[in-house]
Amino acid sequence: MNIRIFKLLFLILMFSTYGCGTGVGEWTISELYAQKIEGTSKILYKYDAWGGRDSNANGFIILDSSETFKIDLQNNLPFYNLSDIPNKTKIEGITHECYNSCGDDYYKSQPIFKPMKIKKSESNGINIETIIYQYRGYSEKDGGLERYVFEKIVETKDSLFFYNLNDVESMDGIHLDELKVKKGEIYLQQNDNGEIKKIIVEQRSLNPKTKELIDGRTCFLTPKNKIFAKELSERGIFRKIKTAK
């Protein structure tokens, strides 16, 4: 099956599950991450959960730190990915719609990389800006999955720098001296001792003025040496939360 058609079918399924239920009922949380929103008492959660009849719910939700996490589909934020570091005044995310580029129309359409529209809303006292792209334009900038092992990591205010990386995904075994990724949608998976076992990066790069899509990438990064989650800040970084089975 063509990979783009497969992705489209997956997205249609995801849309259908978004509309199922009201957030009330039994959900089994398969993954839960939390990121503190700088300058506030709010926490941004990213979750994935399963319910009855194999229904799937996933997305981002803002809650106060005094609240216990719960799934409420009506309060899901209206985007798939973050495009910047969340802050106390605004959270910016991106999503896509067909715009005559789904199904049989996909190859008949011309890819558009600039936003089709921008929607503004509010959640838990924070402004939400959702940038909506044409489906084909969005998918054409999807760089696929990269997997690396790395030796060293250095953090700055807005980025993470990985050093001495070996590609374990391709047959070529590419080596990188350095890889820079923007903070915002970075996920840490750590063990009970706080040691990082894997870092997942979901990055969508936009032109800061026009918001045109530049590229997208998903990276799985595994440290060669011991690194602990406490060595990294909470700015623009999610940490995995252990959930009850």
Side-chain angles (χ1 to χ4, degrees), residues 1-20 30-31 33 44 46-48 54-60 73 76-86 91-121 128-148 167-172 174 176 179-187 199-221 236 238:
M1 181 183 289
N2 183 287
I3 187 63
R4 300 192 189 284
I5 296 175
F6 174 81
K7 286 182 177 181
L8 177 59
L9 292 174
F10 174 78
L11 289 168
I12 291 171
L13 176 61
M14 187 164 63
F15 278 135
S16 66
T17 58
Y18 269 174
C20 295
S30 55
E31 282 196 323
Y33 292 88
L44 178 62
K46 174 67 184 293
Y47 75 93
D48 188 89
D54 292 328
S55 58
N56 178 235
N58 57 75
F60 297 90
L73 300 185
N76 268 12
L77 299 182
F79 49 72
Y80 298 136
N81 295 106
L82 296 173
S83 54
D84 209 343
I85 298 172
I91 296 177
E92 183 182 277
I94 63 177
T95 186
H96 53 73
E97 295 178 3
C98 281
Y99 293 107
N100 300 317
S101 67
C102 293
D104 294 337
D105 291 329
Y106 184 90
Y107 292 104
K108 299 175 185 177
S109 63
Q110 292 295 320
I112 300 170
F113 303 117
K114 290 185 178 181
M116 304 303 290
K117 58 184 174 182
I118 296 175
K119 286 186 176 180
K120 296 184 178 183
S121 56
I128 307 299
E129 189 169 285
T130 304
I131 308 171
I132 303 170
Y133 294 91
Q134 177 210 43
Y135 171 68
R136 179 167 183 178
Y138 181 94
S139 63
E140 294 262 323
K141 293 296 185 178
D142 184 357
L145 176 63
E146 305 168 46
R147 295 178 187 265
Y148 299 99
D167 173 16
V168 294
E169 182 70 16
S170 71
M171 296 295 291
D172 297 331
I174 299 169
L176 298 177
L179 174 66
K180 176 186 177 181
V181 297
K182 188 172 128 183
K183 290 160 67 175
E185 199 171 344
I186 291 176
Y187 302 90
I199 299 175
I200 301 171
V201 176
E202 290 285 354
Q203 181 171 281
R204 302 296 180 268
S205 300
L206 312 180
N207 181 297
K209 292 184 178 180
T210 66
K211 300 300 182 183
E212 181 175 351
L213 274 168
I214 298 172
D215 61 34
R217 72 192 319 168
T218 300
C219 299
F220 288 0
L221 299 121
F238 288 93

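Only this structure's heavy atoms are used, side chains among them; waters, hydrogens and symmetry mates stay out.
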For a 4.5 angstrom cut-off between non-hydrogen side-chain atoms, does Lys211 reach Tyr133? yes
What closest approach, in Å, do Asp167 and Tyr148 show between heavy atoms, and which atom pair accounts for it? CA-CD2, 3.6 Å
To the nearest 0.5 Å, what is the distance between OG1 (Thr218) and CG (Asn81)? 7.5 Å
How many angstroms lie between NE2 in His96 and CD1 in Ile131, if you round to the nearest 0.5 Å? 14.0 Å
Are the side chains of Thr95 and Pro78 in contact, using a 4.5 Å heavy-atom criterion? no
What is the minimum heavy-atom distance between Lys141 and Leu213, and which atoms define it? CE-O, 3.6 Å
All salt bridge (Lys or Arg N to Asp or Glu O under 4.0 Å) counterparts of Glu31, not counting sequence neighbours: Lys240
Can you tell me how far NZ of Lys46 sits from OH of Tyr187, rounded to the nearest 0.5 angstrom? 3.5 Å
Thr130: side-chain hydrogen bond (donor to acceptor under 3.5 Å, both in side chains) partners, not counting sequence neighbours: none
Between Arg204 and Gly216, what is the shortest heavy-atom contact and its length? CD-CA, 3.9 Å
Answer yes if the side chains of Tyr99 and Asp105 hold a donor-acceptor pair under 3.5 Å, and no otherwise. no
Within the supplied structure, the quantity of interest is the number of heavy atoms (other residues, nucleotides, ligands) at a distance under 6.0 Å from Asp215 CG; does it exceed 12? yes
Please check if the side chain of Glu140 supplies one atom and the backbone of Phe113 the other of a donor-acceptor pair under 3.5 Å. no
State which residues pass side chain to side chain contact (heavy atoms under 4.5 Å, CB included) with Lys182; sequence neighbours excluded, sorted by chain then number. Asp84, Gln203
Hey, does the side chain of Arg136 reach the backbone of Ser109 with a donor-acceptor pair shorter than 3.5 angstrom? yes
Are Ile128 and Phe79 packed together at the side-chain level, in the sense that at least one heavy-atom pair is separated by less than 4.5 angstrom? yes
Can you name the nearest heavy-atom pair linking Asn76 to Asn58, along with the distance? ND2-O, 3.1 Å
Does a side chain donor of either Ser139 or Tyr106 reach within less than 3.5 Å of an acceptor in the other side chain? yes
With Arg217, which of Glu185, Glu146, Glu202 fulfils salt bridge (charged side-chain N to carboxylate O under 4.0 Å, His left out)? Glu146
If you look at every heavy atom in Pro115 and Ile118, which pair is closest and at what distance? CB-CG1, 4.5 Å
For Leu206 and Glu92, what are the C-alpha separation, side-chain angles and deciding distance, and is it a side-chain contact (heavy atoms from CB on, under 4.5 Å)? CA-CA 11 Å; Leu206 312 180; Glu92 183 182 277; 4.0 Å; yes
In Å, rounded to the nearest 0.5 Å, how long is the span from OG of Ser101 to NZ of Lys108? 12.5 Å
With a 4.5 Å cut-off on side-chain heavy atoms, are Leu82 and Phe60 touching? yes
Gln134 side, atom CD; Glu97 side, atom CD - distance, nearest 0.5 Å: 11.5 Å
Heavy-atom side-chain contact between Ile199 and Val181 under 4.5 Å: no
Specify the closest pair of heavy atoms between Pro86 and Leu44, including all atoms of both residues, with the distance to one decimal. CG-CD2, 3.8 Å
Nearest 0.5 Å please: distance from the CD1 atom of Ile132 over to the CE atom of Met116. 10.0 Å
